[in-house]
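A short worksheet on the structure shown next.
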Number of protein chains: 2
Amino acid sequence: MVARMPDSTSPRKGRPGRPRSAEADRAILDATRAALVDVGWGKLTMGEVAARAGVAKTTLYRRWANKNELVVDAVAVLFDELELPDRGCLKADIEGVVLQFGALLARPETKTALMAVVAESTTDDALRERIRSAIVDRQKRLVVLGRERAQQRGELPPDSPGTEGALAAGQAIGLIFDVIAGAIIHRTLVSSEPVDPAWAQNFATLLLTGLVGLG
Amino acid sequence: MVARMPDSTSPRKGRPGRPRSAEADRAILDATRAALVDVGWGKLTMGEVAARAGVAKTTLYRRWANKNELVVDAVAVLFDELELPDRGCLKADIEGVVLQFGALLARPETKTALMAVVAESTTDDALRERIRSAIVDRQKRLVVLGRERAQQRGELPPDSPGTEGALAAGQAIGLIFDVIAGAIIHRTLVSSEPVDPAWAQNFATLLLTGLVGLG
DNA sequence: CTCTTACGCTACGACCCGTAGCGTAACTGG
DNA sequence: CCAGTTACGCTACGGGTCGTAGCGTAAGAG
């Protein structure tokens, strides 16, 4: 395998020759998302993306080695829309981010692409790293921020490195992230039911008070 | 589209003609799982499955319309291994089933196939129904059983249809199932970290006592 | 024994993949 | 202004997979 462009985001400034077309980049990623909505992952072809983007097929292969990496980049930017506005208390913060994430996953291009590349990543280490750095790790910031806010409000105990039975902060963040993201993904994609305000409220209650609090 | 065999499980008894070979059925499903381990979902081809199973490619298409449905059936049986032995208390029951589900998802044929068919199901209603009936709904029994046991032990309040703010039993079961299955799937496939006893214990603690209990 | 269905095999057109080669376009440094 | 370098669009290609059709044969039902 010849060394290929690792990613399309590096500007490669100061280099001689004709520069990459930023418009082509954008057109390709837009076309990828649009095609995902129409035909889904399985029938998505590089040729069709190129045609939609008004670009030669070879131009795609100069930037991405295969369909997987292209789709990861096409979808990753959508996740940066997520925010965590301060709604006053931990429960409201949780409900807010759950609804945002739910709305993002409700979009057809997101749901069909995310699970597909995750599936491919189980037999492709490079792809798994790309997903982790481009999507997952970037969104853990929401958990970190929400946790810090709750600790400042006194809703959660502060980090206690020496306490018996306490969890290291990093482990706790990873656990919480898996629970929140996993539950939303599972409800949306597997159970195929909506993440609406009522569900978000029930989920936040469960997360805060545990199973007993569900009533 | 000509009417095709809806599934391969119906024995179609009392029908004239040569019956379907049960050995072929088994050989195909085994070959599918084996091939998934070796080449993953993306490079899995009907031709290779047929060759591994010692069967003509046309025989596959007489039973399954496409790769998706074949893989759903090949993987579905694995989920029936899950059990819920009575370990005395709710926390231990949760940890037990979490570890079982984690071990199941750690198997390469499971992880690579489950997410792939879920991804395809976002643009294929029939496939989504097949997944729901063959996999998801069958496993909700574990949540129902564990909940009933905990209620009999007095660890959880009984179903209270009229109580203010209480959740209907069906909604609670769906919520709990999404949280448990989603968290395990997310940790295994997205975070790609193991579901080991320590994690299972932390997760069970979170589920029982809520975020505050994490310390 | 006949009817019906399943099986293995071969062949096929259609489609997509990923790459090579070409002429042209765009930008850099002397 | 002029090489040098890189990107682009286009065409063409071998290789692989898809899903189907057609055939002769195998195996139960009545």
Side-chain angles (χ1 to χ4, degrees), chain A residues 1-28 31-32 35-36 38-71 116 120 124 127, chain B residues 1-28 31-32 35-36 38-71 116 120 124 127:
Chain A
M1 175 82 67
V2 173
R4 198 186 290 272
M5 193 97 344
D7 65 283
S8 67
T9 56
S10 63
R12 316 182 125 247
K13 55 184 174 183
R15 185 130 145 284
R18 176 176 177 175
R20 291 261 170 99
S21 163
E23 293 178 19
D25 265 17
R26 199 184 40 73
I28 291 170
T32 302
L36 275 173
D38 289 350
V39 303
W41 163 267
K43 296 182 180 176
L44 180 70
T45 72
M46 298 292 264
E48 179 167 335
V49 172
R52 281 180 188 246
V55 155
K57 196 173 59 168
T58 46
T59 300
L60 266 75
Y61 282 105
R62 288 191 188 99
R63 289 164 161 77
W64 293 276
N66 50 54
K67 198 170 78 170
N68 294 331
E69 307 204 347
L70 167 63
V71 171
E120 292 299 315
D124 183 338
L127 183 64
Chain B
M1 175 82 67
V2 174
R4 199 186 290 271
M5 191 100 345
D7 65 283
S8 67
T9 56
S10 63
R12 317 182 122 246
K13 56 185 176 183
R15 183 127 145 287
R18 177 178 176 175
R20 292 263 170 97
S21 164
E23 293 178 18
D25 265 16
R26 199 183 41 74
I28 291 170
T32 302
L36 277 172
D38 288 351
V39 303
W41 164 267
K43 297 182 179 174
L44 181 70
T45 72
M46 298 292 264
E48 179 167 335
V49 172
R52 282 182 188 244
V55 156
K57 196 174 59 167
T58 45
T59 300
L60 265 74
Y61 282 104
R62 289 193 187 97
R63 288 165 162 77
W64 294 276
N66 50 53
K67 199 169 77 168
N68 294 330
E69 306 204 349
L70 166 62
V71 171
E120 293 298 316
D124 183 339
L127 183 63

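The sequence lines fix the lettering, A, B, ..., with proteins before strands; numbering per chain opens at 1. In what follows, every heavy atom counts, from backbone to side chain, and hydrogens, waters and symmetry copies are set aside.
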### Task
Could I get the full list of salt bridge (charged side-chain N to carboxylate O under 4.0 Å, His left out) partners for B:Glu23, not counting sequence neighbours?
none
#### Entry: Spacing between A:Arg15 atom CZ and D:dT5 atom C1', to the nearest angstrom
9 Å
### Qualifying residues under side-chain contact (heavy atoms from CB on, under 4.5 Å), relative to A:Ala51, sequence neighbours excluded
none
### Message
Within the structure provided, determine whether A:Asn68 and A:Trp41 are in side-chain contact (heavy-atom separation under 4.5 Å).
### Response
yes
### Message
Going by side-chain contact (heavy atoms from CB on, under 4.5 Å), name the residues that satisfy it together with B:Ala53, two or more places apart in sequence or in a different chain.
### Response
B:Ala27, B:Ile28, B:Ala31, B:Val55
Under 3.5 Å, which protein N or O atoms sit close to an N or O of nucleotides 8-12 of chain D? Give each pair with its distance.
unit_1	atom_1	unit_2	atom_2	d
D:dC8	OP1	A:Ser21	N	3.2
D:dC8	OP1	A:Arg63	NH1	3.2
D:dC8	OP1	A:Arg63	NH2	2.8
D:dC8	OP2	A:Arg63	NH1	3.0
D:dG9	OP2	A:Ala56	N	3.3
D:dG9	OP2	A:Thr59	OG1	2.6
D:dG9	O6	A:Arg62	NH2	3.4
D:dC10	N4	A:Thr58	OG1	3.1

### Task
Determine the minimum heavy-atom distance between A:Arg20 and A:Arg62, stating which atoms define it.
NH2-O, 3.2 Å
### Query
Is it true that A:Asp25 and A:Arg63 make a salt bridge, defined as a side-chain N closer than 4.0 Å to a carboxylate O?
yes
### Task
Just jot down the salt bridge (charged side-chain N to carboxylate O under 4.0 Å, His left out) partners of A:Arg52, sequence neighbours excluded, or say none.
A:Asp38, A:Glu48
### Query
Atom CD1 of A:Ile28 and atom P of D:dA7: how far apart are they, to the nearest Å?
13 Å
### Message
Just to be sure I understand the geometry, which residues of residues 41-49 of chain B put a non-hydrogen atom under 4.0 Å away from DNA chain C?
### Response
none
### Query
Considering only heavy atoms from C-beta outward, does the side chain of B:Leu127 approach that of B:Asn66 to under 4.5 Å?
no
